[in-house]
2 protein chains.
Amino acid sequence: MIRYSGQTRILVAVDCIIFGFDGEHLKLLLIHRGFEPEKEQWSLMGGFIGTEEDLDQAANRILKELTGLEGVYLEQFHAMGDPKRDPIERTVCVAYFALIDIHKYEKQISDQYRAEWFLLKDMPSLIFDHQKIVELAKKKLRYKAALHPILFELLPPKFTLPQLQMLYEAIYETEFDKRNFSRKILSTGLLVKQPDKDKRSSKKGAFYYSLHELEYNDKFDAFLNFIPNPHALIA
Amino acid sequence: MIRYSGQTRILVAVDCIIFGFDGEHLKLLLIHRGFEPEKEQWSLMGGFIGTEEDLDQAANRILKELTGLEGVYLEQFHAMGDPKRDPIERTVCVAYFALIDIHKYEKQISDQYRAEWFLLKDMPSLIFDHQKIVELAKKKLRYKAALHPILFELLPPKFTLPQLQMLYEAIYETEFDKRNFSRKILSTGLLVKQPDKDKRSSKKGAFYYSLHELEYNDKFDAFLNFIPNPHALIA
DNA sequence: ACAAAAGTGTTGCACTTACACCCATGC
DNA sequence: GCATGGGTGTAAGTGCAACACTTTTGT
């Protein structure tokens, strides 16, 4: 087998930033490492890429190992290559962020890891440069969600407009006018009103909506402008 | 030295998509490889990362080796990891796109490579998955340039509004109304009118403008909406 | 004087914002 | 019957798109 000569080969890992939404706050799924290095520390879910898989496959595999979930929204957003980022051995990492419906996550799927949800603003310190990766992921998520309908991935298949608005408000750390918000969201044509209501959070109850799959796939890449004054809110 | 055991180490390369603008068309700087593998084929400029450099440093070094330029606009946009993308040996590549003032490029800086500018729509076939990387880069460039003032990096320090408009038109493969275009661009406050004119392309001559550095740095990350109907033009 | 490109203003429309009241229900 | 959250409409302002004529100057 021919190989390139005189070059250093390096470990390549994939790390996943897993976002979830509990109805009120944005959360991150972190793992408590039961193994060296940095045993007993909190970190992002990650792993080395296998010999027969590409990066997306590796990210999906890793996500499944931790959460048991497949078909999750997963997007590559940055590669980190500082030679000193992993003190044990040089590792280049390709970071992905995942958006999951927090209720689909079943605890203790993996016994190698103890996983736990943390509020974004109440996170433990993380190993290596994971803190920095999380910051990048947050920024990227805000950026992308301002223009593309990705936040639905954080909600269950049926959700209410107040729930959706709370999600946007959590992500942008601000408040929106509910009349304008509902008009803007509904005008995209992405939502289908359901006949039933969610009555858990009010006496009157709020109508459920679900995604119009066809429109959703069509408009996913379109430029939709989901938030007012993006100029002010996006770094 | 402690290392992670049982993991495969992989080559990591950086590839640069180098965009230039000749006043009329968007171009790409490609190299004719004088070495194996794929000797005598056209490819993107790339190289393996060094043991002491991070990804950005590697990209800057590689760009300098080919063009002699430093301080160039360079942005990481995607990592490619298909195990079969390089037939010689598995290589993960991190792709960057660079924007340079085409007139700053001096030929034959490197004798390892023969470099040549190609019209984007008139490119030779490229090695490996470089074609795909170029497609991704074009998409990313369009996307980013719709919201951020990056295209100035493709022009000389002094340029005219008609030149700038031609650039935007080349990138989006469409035409804009010059009255609306000039109003929109000038309203950003990013440009400073110069006292002199460029008289090469008309009898009347067009005023030069230069970047207002302070405003440019301030507003670089802002959301500016440089093109009409982004919905229609951005994939 | 004519050709060729630069420069400039206005109007209508669409979208966005700001804002306040009624509705349905469980207790 | 009242408290709680859900749902809706309107008016003013802003930003965007469409559109045509004048200016300059080299030949």
Side-chain angles (χ1 to χ4, degrees), chain A residues 23-24 146-147 155 158-170 172 174-210 219 222-234, chain B residues 23-24 146-147 155 158-170 172 174-210 219 222-234:
Chain A
E24 207 168 346
L147 302 167
L155 295 172
K158 280 169 48 174
F159 51 86
T160 66
L161 288 185
Q163 276 167 27
L164 184 63
Q165 182 169 349
M166 292 236 273
L167 170 55
Y168 274 88
E169 291 178 340
Y172 294 101
T174 184
E175 290 181 10
F176 301 120
D177 180 279
K178 66 178 170 177
R179 290 161 292 191
N180 294 336
F181 182 82
S182 100
R183 191 187 2 245
K184 184 174 277 193
I185 293 288
L186 293 175
S187 76
T188 62
L190 292 172
L191 299 192
V192 184
K193 193 172 193 168
Q194 301 300 120
D196 50 334
K197 285 182 164 188
D198 170 19
K199 310 201 64 166
R200 284 169 300 174
S201 63
S202 78
K203 337 243 168 179
K204 184 176 178 182
F207 278 106
Y208 281 117
Y209 287 82
S210 66
K219 294 194 181 161
F223 237 62
L224 292 167
N225 210 18
F226 283 95
I227 62 163
N229 290 318
H231 320 69
L233 293 175
I234 305 192
Chain B
E24 208 167 345
L147 302 167
L155 295 172
K158 278 169 49 174
F159 51 87
T160 66
L161 288 185
Q163 277 168 24
L164 184 64
Q165 183 170 348
M166 292 236 273
L167 170 56
Y168 274 88
E169 290 177 343
Y172 294 101
T174 185
E175 291 181 9
F176 301 121
D177 181 278
K178 66 177 170 177
R179 293 160 289 192
N180 294 337
F181 182 82
S182 101
R183 185 173 335 101
K184 185 176 277 196
I185 293 287
L186 293 176
S187 76
T188 62
L190 291 172
L191 299 191
V192 184
K193 194 174 194 168
Q194 300 301 117
D196 50 335
K197 284 182 165 188
D198 171 18
K199 309 202 62 167
R200 284 169 301 176
S201 63
S202 79
K203 335 244 171 182
K204 185 176 178 183
F207 278 105
Y208 281 116
Y209 287 82
S210 66
K219 294 193 181 161
F223 236 62
L224 292 165
N225 211 19
F226 283 94
I227 64 164
N229 289 320
H231 322 67
L233 293 175
I234 305 193

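So that the names make sense, note that chain A is the first sequence line, chain B the second, and so on, each numbered from 1.
Closest to the side chain of A:S201, out of D:dG6, C:dG7, D:dC19, is D:dG6. Considering only side-chain atoms of B:K178, the nucleotide from D:dG5, C:dA6, D:dC19 that sits closest is C:dA6. Ranking C:dG9, D:dG7, C:dT16 by closeness to the A:N225 side chain, first place goes to C:dT16. Minimum atom distance to the side chain of A:K203 is reached by D:dT4, of the listed C:dG7, D:dT4, D:dC19. Nearest to the side chain of B:P162, among D:dG7, C:dG9, C:dA6, sits C:dA6. Minimum atom distance to the side chain of A:K204 is reached by D:dG7, of the listed C:dA6, C:dC19, D:dG7.
Taking atom CG on B:L161 and atom C1' on C:dG7, their separation rounds to 9 Å, with Å as the unit. Rounded to a whole Å, the CZ atom of B:R183 is 13 Å from the P atom of C:dT11. Here D:dT14 presents its P atom at 18 Å from NZ of B:K184, a figure rounded to the nearest Å. B:M166 has its CE atom 11 Å from the C1' atom of C:dA5, to the nearest Å. Put simply, CG on B:D177 is 14 Å from P on C:dA6, counting in whole angstrom units. Atom CG in B:L191 sits roughly 12 Å away from atom P in C:dG7 (whole-Å rounding). The interatomic distance linking B:F207 (CZ) with D:dT23 (C1') rounds to 12 Å, in whole Å. We find that CG of B:N180 is positioned 12 Å from C1' of C:dT8, with the value rounded to whole Å.
The side-chain contact (heavy atoms from CB on, under 4.5 Å) check on B:E24 picks up B:D22, with sequence neighbours excluded.
Counting only distance, with no hydrogens or angles, the side chain of B:Y172 and the backbone of B:A146 share a donor-acceptor pair below 3.5 Å. Side-chain N or O atoms of B:K219 include one that pairs as donor or acceptor with a backbone N or O of B:T188 at under 3.5 Å.
A donor-acceptor contact under 3.5 Å is not formed by the side chain of B:R179 with the base of D:dA18. Interface remark: the B:R200 side chain does not form any donor-acceptor pair with the D:dT25 base, using a distance-only criterion of under 3.5 Å.
A cation-pi arrangement is present between A:K197 and A:F207, with the terminal nitrogen or guanidinium carbon under 6.0 Å from the aromatic centre and inside a 45° cone about the axis.
Listed pair B:K199 / D:dG26 meets the phosphate criterion, a side-chain N or O lying under 4.0 Å from OP1 or OP2.
The aromatic rings of A:F176 and A:Y168 lie perpendicular to each other, with more than 60° between the two planes, well past the 30° mark.
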